[in-house]
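Hydrogens, waters and symmetry mates play no part in the numbers below; they use all other heavy atoms, side chains included. Chain identifiers are assigned alphabetically (A, B, ...) following the order of the sequence lines, protein sequences preceding nucleic acid strands; residue numbering begins at 1 within each chain.
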Number of protein chains: 2
Amino acid sequence: MTSKISSTKYSISDLSKEFDITTRSIRFYEDQGLVSPSRKGQTRIYNQRDKVRLKLILRGKRLGFSLAETGRLFELYDVDKTSAKQLNSIMELINNKKNDLKQQLEDINAVLIELNDLEVNCQETLKALENK
Amino acid sequence: MTSKISSTKYSISDLSKEFDITTRSIRFYEDQGLVSPSRKGQTRIYNQRDKVRLKLILRGKRLGFSLAETGRLFELYDVDKTSAKQLNSIMELINNKKNDLKQQLEDINAVLIELNDLEVNCQETLKALENK
DNA sequence: TAGGAAGTTTACGTTAACGTAAAGGTTGCT
DNA sequence: AGCAACCTTTACGTTAACGTAAACTTCCTA
């Protein structure tokens, strides 16, 4: 039973097209230790895990995370969780991030409200122009 | 009736302390046209409007806005809204920003859920360690 | 077999957002 | 008068996240 695990392999250009980023960027993320594709000869081969990570990297960027920050989030899943000390410091990190994000939620809601006001204002001005 | 408008004047170091940023940053924001303090001799004098703008600049940064983007948002409030063409292009800009922010809201909620999962996971592992 | 497409490494260039240092002006003590 | 605490301008330095170009290999195919 030769099972099919081969469908989850991607070339660098596959991923660059799928995520609409340059191959340069993908190689740079590797330099920074955020993805670690295997090799066939010289050529990089990406798997499902790498693909997910790319997605998370891009999500992080949309949130204004640096690559280093995203990397630290990745590590949270891999860190050795056998010691209570480790666990507590991880949980502290998690809580810091959560607080940052809650602040961001507030910020975003504030800006959305302002933009809505502005939009309404524009619509009214536009209507006034038409009815003249 | 000499009214008191003088309480809304700040020096550069006042603001740098209040917002916990360097004076260098504040001067840089001026270079970029985001604040425009008046002068008494050489010395910069900031008013309430400048202070509000600084607050908005920092909020923008927390959301990952570039200074240029924040500047464009400022302009939205000042632009002359006399032409329908202007108005429509402004509203397009507003909508683009709104879409970005909605995407960010989704992203943040996703990350918050993941962090919560991770936290619960940590708590359980910790409990298991204690009950051993 | 010649060329084109996709891959690689190496390395210098670029932009944003400041940091940092030098050199100097003004004000207020003491 | 002196100096400490501010302020100023000018200008070069720095980091992150790539862009861009050169020079080369490997594979496919017309």
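Looking only at atom types and distance, the side chain of D107(B) has a donor-acceptor partner in the side chain of Q103(B) under 3.5 Å away. Y10(B) and Q48(B) are linked by a side-chain donor-acceptor pair at a separation below 3.5 angstrom, with hydrogens and angles left out of the test.
Using a 4.0 Å heavy-atom criterion, one finds that K61(B) contacts the sugar-phosphate atoms exclusively. Among the heavy atoms of the strands lying under 4.0 Å from S11(B) are primed sugar atoms or P, OP1, OP2 only; no base atom is included.
One interatomic measurement links the two molecules: CD of E30(B) to C1' of dT9(D), which rounds to 12 Å at whole-angstrom precision. Atom CG of D31(A) and atom C1' of dG19(D) are 14 Å apart (whole Å). Protein atom CG of L15(B) is 15 Å distant from nucleotide atom C1' of dC6(D), rounded to whole Å. Between the P atom of dA17(D) and the CD1 atom of I57(A) lies a distance of 11 Å, rounded to the nearest Å. The CZ-P distance, from R44(B) to dG25(C), rounds to 17 Å in whole Å. With rounding to whole Å, K40(A) atom NZ is found 13 Å from dT8(C) atom P. We find that CD1 of I21(B) is positioned 8 Å from P of dC18(C), with the value rounded to whole Å. Distance, R72(A) CZ to dA16(D) C1': 13 Å, rounded to whole Å.
Taken from CG in D14(B) to NZ in K51(B), the straight-line distance is 9.0 Å, to the nearest 0.5 Å. Expressed to the nearest 0.5 Å, how far CD of Q104(A) lies from CG of L101(B) amounts to 10.0 Å.
Between R27(A) and dT8(C) there is a side-chain N or O to OP1 or OP2 distance below 4.0 Å. Contact annotation: S25(A) side-chain N/O to dA17(D) OP1/OP2 distance is not under 4.0 Å. The shortest distance between the side-chain N/O atoms of Y29(B) and the OP1/OP2 oxygens of dA17(C) is not below 4.0 Å. Of the side-chain N and O atoms in T43(A), none sit less than 4.0 angstrom from OP1 or OP2 of dT26(D).
You'll find that the side chain of T22(B) is closest to dG19(C), out of dG7(C), dC18(C), dG19(C).
Positionally, the nearest nucleotide of DNA chain D for I12(B) lies more toward the 5' end than for the other of F28(A) and I12(B).
With hydrogens and angles left out, the side chain of R24(B) and the base of dT20(C) share a donor-acceptor pair within 3.5 Å.
Atom CG of N96(A) sits in a crowded spot, with more than 12 heavy atoms from other residues, nucleotides or ligands closer than 6.0 Å.
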